[in-house]
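For ligands, and for the atoms within them, numbers begin at 1 and follow the listed sequence.
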Amino acid sequence: MEDSVQPPFTIRIRTENNQDMDWMVKPDEVTFLQTLEVFTQVMPQSTHTAFEYEDEDGDRITVRSDEEMKDMFNYYFSELSAEDKARGLLPPLIIFPKQGKTPQNRNIHGLKIQTNGQTREGPTKQQKATHQAMTQQVGLENILSCGQITKDSLHYVQLLGHGNSGRVYRAMHKQSNQIMAVKEIALDISVAVQKQIISELEILYKCNSRMIISFYGAFFCENCVSICTEYMDGGSLDKYMPVPELYLGQISMCVLEGMLYMWNINILHRDIKPYNILVNSAGEVKLCDFGVSTQLVKSIASTYLGTNVYLSPERVQGQEYGKPAEVWSFGVTLFELATGKLPFKSLNETSKTTTLQPFQIMRVIIDETQLKLPTEHFSHELVDFVNRCLHKTPALRLNGQDFLTHPFMKNQSSFDPSLISQLVISRQQVSQTSMQS
Ligand SMILES: Nc1ncnc2c1ncn2[C@@H]1O[C@H](COP(=O)(O)OP(=O)(O)OP(=O)(O)O)[C@@H](O)[C@H]1O
């Protein structure tokens, strides 16, 4: 690896207060000095003379020169797993800036003071110009991102759809040729909030379940956040409704596995609905759009005026969100997937849902007696399963243990991707035929 050209990857600068800043670099082009200059842009209040990275035992190794930086890159590439290399998108290399010890510049209380002539009012004109030049030189505009994806590194291929909060594109990451789905959400928020969103989204890197969509990275460009995830060629389940019961069992198994996996690591989805369950022609079923970033959820909610018809009665009434609320949304989703309709009589005409005021929809969710799945069309097991997810009293809904022992789930043999694959491919054939005629 030492003599070959090393591909671009992300250096994650971990600041003292544990805030991460990602910076995409080409190892052959970036220098030690440039790295220190980037620190100055990210942490203008401190002076740095070196930085550290961790070896496989967690021991810190200091970098003070181009030579040592080269050693660090070689070490990083030698430690990559075959899986990382095959994925094309490399994990970030975390570095820890080291502050220079300049006692004459510190006061006795240990408070940092300005060291480089920068006044309290902010940088001088000359500093601003240097900053701007540096920004262009080292690609600082890319720092507000996690992962190594930026707008420029993507080739947008096709608009896949749009929801309440934004648009989703199919795009290709030029360096890795990786096809991905990019969800763009416009948000009118401060840079501080943008940073918080990016750092909250990073938890998605740790989610490793075959039932959860893979996360490739996220970045802000102007006022838009772009979230890049695995592309699923079958799209979301809303396009398949009504879904025959044969497939519903398999879909439920996958959604539950994904949900239970996330619950285990203390993450709630917060927005379960047919639009957030994706399928592909390989027969995979995956959950997407996890509400892992509280700040992102808040920022979207403040611009969205509608009412989510998948919300549980207790959530509509402002009570704390918990697993039972998630189970309710799953119940509404299954009901809709099975019948193509919502479990509320008065919300079933689309024209009504769009003309009803948000508070009227909330009233329906709280007050209306839910429809029951008709027993003549569905098995007794499915009807009972859905009805028990849709119990008005949260404590009486199915919970983690009951799910797996419920006859509807027990009747499922193990997951068979060929079934879902059949569903996706036959739909793709139908839409191709209708496009041709
Ligand atoms: N990873 C993906 N792969 C393939 N298609 C996708 C992917 N993510 C989303 N889509 C498609 O894009 C459409 C719009 O997605 P989006 O997440 O914006 O919709 P939504 O969930 O209805 O909206 P919102 O979450 O804003 O309420 C989806 O219905 C789906 O068909």
Side-chain angles (χ1 to χ4, degrees), residues 87 89 147 149 154 156-173 178-188 197 201 204-205 207 209-218 224-241 243 251 254-255 258 268-311 315 326 329-330 332-333 336-337 340 342 350 353-354 358 361 420-421 423-425 427-428 430-431:
R87 251 181 107 210
L89 291 167
I149 309 169
L154 292 173
Y156 289 80
V157 182
Q158 179 197 0
L159 176 68
L160 293 172
H162 47 85
N164 298 314
S165 52
R167 289 163 181 270
V168 180
Y169 297 90
R170 182 160 67 96
M172 192 180 74
H173 184 245
Q178 177 82 49
I179 293 288
M180 50 185 73
V182 182
K183 180 163 180 169
E184 267 187 8
I185 308 167
L187 296 165
D188 193 11
I197 290 175
L201 285 173
L204 289 171
Y205 278 123
C207 300
S209 156
R210 60 191 179 133
M211 307 310 178
I212 308 289
I213 212 85
S214 299
F215 174 67
Y216 296 138
C224 261
V225 62
S226 294
I227 301 169
C228 310
T229 59
E230 179 182 1
Y231 167 69
M232 298 284 279
D233 66 357
S236 45
L237 281 181
D238 53 289
K239 302 190 185 86
Y240 297 79
M241 297 188 304
V243 178
I251 291 167
C254 298
V255 173
L268 296 172
H269 186 287
R270 295 176 185 275
D271 197 13
I272 294 198
K273 55 184 180 180
Y275 305 84
N276 286 339
I277 305 172
L278 302 171
V279 285
N280 66 17
S281 48
E284 294 173 303
V285 182
K286 302 194 183 202
L287 277 169
C288 70
D289 264 3
F290 273 85
V292 291
S293 164
T294 326
Q295 198 49 258
L296 182 60
V297 171
K298 259 197 226 164
S299 307
I300 293 174
S302 66
T303 52
Y304 175 55
L305 297 174
T307 298
N308 181 338
V309 292
Y310 303 88
L311 290 188
R315 197 173 172 197
E326 201 109 309
S329 306
F330 178 48
V332 178
T333 299
E336 195 181 15
L337 287 176
L342 289 166
T350 346
T353 329
T354 46
I361 298 179
I420 303 294
S421 165
L423 178 76
V424 174
I425 292 171
R427 191 185 169 276
Q428 284 172 342
V430 170
S431 54

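Near Y275, meaning under 4.0 Å from one of its heavy atoms, ligand 1 places the atoms 21 (O), 22 (O). Under a 4.0 Å criterion applied to the non-hydrogen atoms of T229, ligand 1 contributes the atoms 1 (N). For ligand 1, the atoms closer than 4.0 angstrom to any heavy atom of G166 are 18 (O). In summary, the atoms of ligand 1 found under 4.0 Å from a heavy atom of Y231, numbered by their order in the structure, are 3 (N), 4 (C). Every atom of ligand 1 is numbered from 1 in the order shown, and the set under 4.0 Å from a heavy atom of D289 is 17 (O), 21 (O), 25 (O).
Of all protein heavy atoms, the one closest to atom 18 (O) of ligand 1 is G163 N, 3.1 Å. Closest to atom 25 (O) of ligand 1, if we only count protein heavy atoms, is K183 NZ, 3.0 Å. Annotation: atom 5 (N) of ligand 1 to nearest protein heavy atom, L160 CD1, 3.6 Å. Nearest to atom 29 (O) of ligand 1 among the protein's heavy atoms is S236 OG, 2.9 Å. In this structure, atom 7 (C) of ligand 1 lies nearest to the protein heavy atom L278 CD1, 3.7 Å. If you check which protein heavy atom lies closest to atom 9 (C) of ligand 1, you get V168 CG1, 3.6 Å. For atom 27 (O) of ligand 1, the closest non-hydrogen atom on the protein side is K273 NZ, 2.9 Å.
Taking any N or O of S165, backbone or side chain, at least one lies under 3.5 Å from an N or O belonging to ligand 1.
Counting heavy atoms from C-beta on, the side chains of I197 and S299 come closer than 4.5 Å. Counting only heavy atoms from C-beta outward, the side chains of M172 and I179 approach each other to under 4.5 Å. Between V168 and V182 the shortest side-chain heavy-atom distance does not fall below 4.5 Å. The side-chain heavy atoms of M180 and L154, taken from C-beta on, include a pair separated by under 4.5 Å. For the pair R270 and F290, the minimum side-chain heavy-atom distance is 4.5 Å or more.
Looking only at distances, no side-chain donor or acceptor of S281 sits under 3.5 Å from a matching main-chain atom of V424. At distances below 3.5 Å, not a single donor-acceptor pair connects side-chain atoms of H269 with backbone N or O atoms of V292.
Pairing each heavy atom of A171 with each of Y156, the nearest pair is CB-CA, 4.1 Å.
The number of heavy-atom neighbours closer than 6.0 Å to NZ of K239, taken from other residues, nucleotides and ligands shown, is above 12.
D238 contributes atom CG, which lies 10.5 Å from atom OG1 of T333 (distance to the nearest 0.5 angstrom). The OG atom of S165 sits 4.5 Å away from the CD1 atom of I300 when rounded to the nearest 0.5 Å. A distance of 11.0 Å separates CD1 in I272 from CG in N308, rounded to the nearest 0.5 Å. Separation of atoms NE2 (H162) and CD (E184) is listed at 13.0 Å; rounding is to 0.5 Å.
Of the heavy atoms in D233, none comes closer than 4.0 Å to ligand 1. Heavy atoms of N276 found under 4.0 angstrom from ligand 1 belong exclusively to the side chain. Of the heavy atoms in K239, only side-chain atoms (C-beta onward) come closer than 4.0 Å to ligand 1. Contact annotation: for I300 versus ligand 1, there are no heavy atoms closer than 4.0 Å. Contacts of N164 with ligand 1, taken as heavy-atom pairs under 4.0 Å, involve both backbone and side chain.
Between G161, C228, S214, it is G161 that holds the heavy atom closest to atom 14 (C) of ligand 1. For atom 1 (N) of ligand 1, the choice among M232, E230, M180 with the nearest heavy atom turns out to be E230.
Using a 4.0 angstrom heavy-atom cutoff, C288 does not count as in contact with ligand 1.
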